[in-house]
J.: 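Once you've had a glance at the structure underneath, I'll fire off some questions.
Below, chain A is the first sequence line, B the second, and so on; all start at residue 1.
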Number of protein chains: 2
Amino acid sequence: MLRQINSDALLRFALQEQVFTAGEAMAVTGLTRATVLGVCDGLVAAGWLEEVDGSPAESGTHKGRPARRYQLRESAGVVVGLDAGETHFTTIVADLRGRELGTRRRNIDSHVLGRAGRGAGARELIDLTLRDIGRAPDDVLLTVVGVPAPIDANGMSPEGEFWQLMNSGFASHLHGMVVVENDANLAAVAEGAHEPSANQATLLTGERFGAGLIVDGRLLRGPRGGAGEMRFLDVLSASKLVPDEGGADGFGALARKWARSRIRSYSGDTVLRQLPEGEINAEDVFRAAREGDSFAADIIARLGARLARIAVVLSSLLDIERVVIAGGISRAIEPVLDHARSLLPGDSGLPLPALVASTLGAEVVVKGAIESALTRVRREPNAFLPRAARS
Amino acid sequence: MLRQINSDALLRFALQEQVFTAGEAMAVTGLTRATVLGVCDGLVAAGWLEEVDGSPAESGTHKGRPARRYQLRESAGVVVGLDAGETHFTTIVADLRGRELGTRRRNIDSHVLGRAGRGAGARELIDLTLRDIGRAPDDVLLTVVGVPAPIDANGMSPEGEFWQLMNSGFASHLHGMVVVENDANLAAVAEGAHEPSANQATLLTGERFGAGLIVDGRLLRGPRGGAGEMRFLDVLSASKLVPDEGGADGFGALARKWARSRIRSYSGDTVLRQLPEGEINAEDVFRAAREGDSFAADIIARLGARLARIAVVLSSLLDIERVVIAGGISRAIEPVLDHARSLLPGDSGLPLPALVASTLGAEVVVKGAIESALTRVRREPNAFLPRAARS
DNA sequence: GGACCTAAATATAAGATCCAAATAAATTCG
DNA sequence: CGAATTTATTTGGATCTTATATTTAGGTCC
């Protein structure tokens, strides 16, 4: 336990800087030099900081007594991000300044593994990633896990076989503190860190569909973790109130399903007929559309219309300024965005959201997990004891 | 300026209690008796508290030395709530414990008054209400004004003649600190205080339509104050993307408009034909429905369907647990709720929100304004200096 | 009424945190 | 080397808080 009250504020500052001097910390925290140095002493003793004396090179041509410079201790700890999807796991281990130290990816079959298997597999992959970079499980201050299921404030998911399988009780399998979060919410955190906007929605829409909503700078959750579910779309458009299964499908799944189900009744010509009907997938549709195939272009247009509806609802109901399409599909999504933009009425007086594709690719969720872990460590650093000093 | 650091926490406690002893404050704040008494001394000196010595009656049969008892000073100040609607103003003056001291209501014509007229009228009505209870304008610590317009974090509204007229620059007309807020948001605050639920939507739906959304215990606003706008409804149901004017209409306005526009083409019999077509209003429709008129019942059903759609969207997208219909119309709204409930699918596995009518009637907005004012004063009491002690 | 009990108020000492000012140290520049 | 400059360290004091002991204001019991 640290003695000084203001240690939190200073530690928060230290967690964002490479190296810093007492003078810089004084400017940020508003404390006196004496106090800052006192707190720094305490943080060094606790194992958070170390004094760095590489004065000559970068200090340049300063007059006066050189300042003591502090730095987050390299071995104070690391954070782990895990994207625990249905078909693959991705890990990233990062230091407390957010630098990526190691990463691994592995395909899995959740329905074969079961809950326990997912938990064990996660631990295994994390341990391997830690070994890659020469770190021990004890070094991990916090692990954030993204899963495709609603997550409430306690990390629990509603009933439902799939959701309970995805939210596999990681806390009991992994070392140290574990936080479980919805994958789309983590994607939103990643996008929010990458391009700060207090009001944006991040649609994670590959195979499944989920949205992370940031309103007034805050991630929405809901008592059952259900904020960001989009099943209402089919409800409204079909003017009935019972959602069908399509509501949970992402754009990738929809492109595949629509292509397979409509290709037979399509009267025109299409390159997709070269493939067996049961093997057409989303990438084929997007590729065909790029090559000018009109059957594929029609599917793109339907996706665009769907996105436009989502954008209107989010902008109207939540005053969302920016809608980001994230996930692996984001690389190919631009034609869908184009069509959606053309549908949005420019002259209605309504403020309309910008539609953009994520640049973080398939790694949004893990990156968001790391970002979320860092945010939590920064918010209350003293809740995470640093790895004790070693020789 | 108070000396003690912990005065805020103790003052917050004092603002919620009738009378309290040092021992009670110790339990709540976790401070020592010596500290609590020291802070109380300071608060008495500053004019916030007064010591009350009515020990005999209620102290009952306590052993030991009787405790000193403190109380919020009656004349420390009051808060003012103002519902500055389009057609009427309503004021409430309340003391710092939320007891209503005085209230007034006045019909106005905003389009005749203009911005300056609304501001002057508001000041006049507030001053009259203060005079009613023998208080001076200087006693007002904070005035919260509810207006039918989107309000951003700075109290400003987007461009638009109507919105700029409603948000009439009250800050420059009224005494002391003024906070302007959207009327539906204040209704949500009132409902939230009346029946706490961390996730509920309050639909203020008489003539105009607005929603106050509370998600994760927090009121949503949006960068332009646009959170809670519902214009998307017509967008989705009509499968087009440009909203028509109906989107901003409340249930009262819709009942009237639908009745007037459809009564001619209605083939059956209806009691509403006894009225001139241009004079049918919402109350007539609701009354006719209660009496079994099938034309009116059809309109009720359409309103119910609209509400059901809203409920599904709010529940799906924001995990809303409870939808409250507020405003003057809430007394008659039960049939609409009934029909909406019958439309919600009970077996879809979706968590569905409860639909309830507000019990606060036409006063929701003012009551929310008072509640909001009290919350703000409680959050940082020392930002509001108490009225200086008088003899 | 007086001895005794109890819970609160008060007094006193001490500890923690922080600042302001004075002093000491380390470096650059002339 | 000395002046200037910038930082570090020391010192004393102010503020806020706790802990402990003492006093006070009521009760109860005899």
J.: Taking the side chain as every heavy atom from C-beta outward, state whether Val79(B) and Val377(B) have any atom pair closer than 4.5 Å.
T.: yes
J.: For the pair Glu24(B) (side chain) and Thr21(B) (backbone), establish whether a donor and an acceptor sit closer than 3.5 Å, ignoring hydrogens and angles.
T.: yes
J.: Starting from P on dC18(C), measure out to CE on Met26(A) and report it in whole angstrom.
T.: 14 Å
J.: Does anything in residues 169-181 of chain B pair up under salt bridge (Lys or Arg N to Asp or Glu O under 4.0 Å), and if so which pairs, sequence neighbours excluded?
T.: Glu181(B)-Arg221(B)
J.: Ignoring backbone atoms, establish whether Thr35(A) has a side-chain N or O less than 4.0 Å from OP1 or OP2 of dC18(C).
T.: no
J.: Would you say the side-chain atoms of Thr375(B) pair up with the backbone N or O of Glu371(B), donor to acceptor, closer than 3.5 Å?
T.: yes
J.: Mind checking ring pair (Phe, Tyr, Trp, His ring centres under 6.0 Å) for Phe13(A) and listing every partner two or more places apart, or none if nothing turns up?
T.: Phe20(A)
J.: Once each nucleotide of nucleotides 4-10 of chain D is scored for protein heavy atoms under 4.0 Å, what B/S/- sequence comes out, 5' to 3'?
T.: -BBBBB-
